[in-house]
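Because only heavy atoms are used, hydrogens play no part in the values below, and waters and symmetry mates are left out as well, while side chains stay in. Values in this document were obtained by computation on a predicted structure and should not be read as measured data.
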Amino acid sequence: MRLKYLIVFLLVLALTVSLFAGCTNKSQKLTKINFVETVHSIFYAPYYVAVSQGFFKEQGLELVITTAQGSDKAATAVLSGTADIGLQGPETTVYVLKEGRDDYLVNFGQLTRKDGSFLLGKKPEPDFKWENLRGKKVIGGRPGGMPQMTLEYILKEHGINPKTDLTLITNLQFTAAAGAFMSSDADYVALFEPTASLVEKQKGGYIVASVGASSHEVPYTTFNARKSYIEKHPDIIQRFVNAVYKGLLWVESHSPKEVAEAIKPFFPDADVDLMATAIERYKNQNTWGTTLKMKVDDFDFLQNILLDAGVIKEKVDSHHLINNTFAEKAEKMIKK
């Protein structure tokens with residue numbers, strides 16, 4: 001009889017412990033991270049995958065995402081403390097360091113390693129050459145932004161003077177470029193995905209070249225935060241990097257269609273097949289790779305582009321702006 005009561009008691013105790021543990025897990029709160037992205041683009045697919053596949057939640061993090069519509073605005077949000085972590089062109093971190101700030105922005109992970117824009121023309125050009133832009137009207141990006149500076153750098157590499165050999169339009173909003181191209185007499189436009197594929201699908205233009213494939217590998221888009229934030233919250237930065245790294249590996253090991261379906265919640269109005277086409281283009285030119293680590297040589301080349309564009313007069317020490325510690329640790333912790 002005593003044995004029977006003992007068994008019942010142990011069962012009740014086990015059930016109570018189980019329920020208590022379940023309540024504890026449910027009540028465990030995620031750490032909220034105020035995160036700002038430069039624009040909302042398929043170009044950033046691996047981090048969207050990290051969100052949709054629950055990799056951030058696995059790390060105990062919840063992203064509160066805002067879109068700045070410009071690297072300069074994203075950098076301002078991080079510097080002001082409105083955002084904890086930003087995703088933008090690392091040229092902004094060069095500008096901030098050159099301002100002499102003590103609490104400057106440090107890049108701790110590289111998401112994209114090539115320009116993500118594509119050049120579209122009004123007609124198909126299977127034998128396109130960059131020299132074809134001579135004497136033409138081209139809609140580019142914002143002056144001082146990486147898309148525009150990379151485009152100008154490529155033009156110069158092909159012997160074209162951006163100021164005199166063609167007409168470059170650089171006063172349009174990022175979101176207005178496609179419409180302006182289709183409704184004007186502009187001959188070419190540089191667009192990111194999925195806009196480039198959408199314009200092509202609508203017969204409003206034809207992709208003739210990849211800016212990324214035509215340019216040098218650089219840390220094109222990076223995750224960064226204030227130096228003080230990284231020093232104060234290394235655990236959060238590490239968990240953030242772990243999640244994004246898993247997103248990179250997931251994208252690498254899955255088909256463009258699977259990636260498109262995974263990030264569809266971020267682009268509810270986009271066609272999955274169209275997204276898959278864009279993702280395939282990015283994968284083919286190794287836009288993302290399988291590491292978040294940055295190379296000093298690549299960062300120095302980025303500064304060459306800034307020098308060539310005239311936005312800086314001399315380089316800064318790239319080592320000050322690169323922190324690969326978290327990316328290296330993620331690769332040791334998370335196996336491919």
Would you say the rings of Phe223 and Tyr44 are close, in the sense that their centroids are separated by under 6.0 Å?
no
May I ask you to decide if the ring planes of Phe267 and Tyr48 are parallel, tilted or perpendicular, using 30° and 60° as cut-offs?
perpendicular
Taking Asp187 for its side chain and Lys137 for its backbone only, find out whether a donor-acceptor pair lies under 3.5 Å.
yes
Note: Lys257-Asp273 ion pair, threshold 4.0 Å (strictly below):
yes
Smallest heavy-atom separation, Glu261 atom then Val272 atom, equals CG-CG1, 3.9 Å
Are Thr170 and Gln148 close enough that a side-chain donor and a side-chain acceptor fall under 3.5 Å?
no
Atom OG1 of Thr67 and atom CD of Glu37: how far apart are they, to the nearest 0.5 Å?
3.5 Å
Got a donor-acceptor contact below 3.5 angstrom from the Ser52 side chain to the Ala262 backbone?
yes
For Glu99, is the CD atom crowded, meaning more than 12 foreign heavy atoms sit under 6.0 Å from it?
yes
Does Lys122 make a cation-pi contact with Phe181 (under 6.0 Å, within 45 degrees of the axis)?
yes
Using the ring pair (Phe, Tyr, Trp, His ring centres under 6.0 Å) rule, take Phe118 and Tyr282 through it: C-alpha gap first, then chi angles, then the decisive distance, then the call.
CA-CA 10 Å; Phe118 294 86; Tyr282 281 141; 5.7 Å; yes
Have Asn304 and Lys315 got a donor and an acceptor in their side chains that come within less than 3.5 Å?
yes
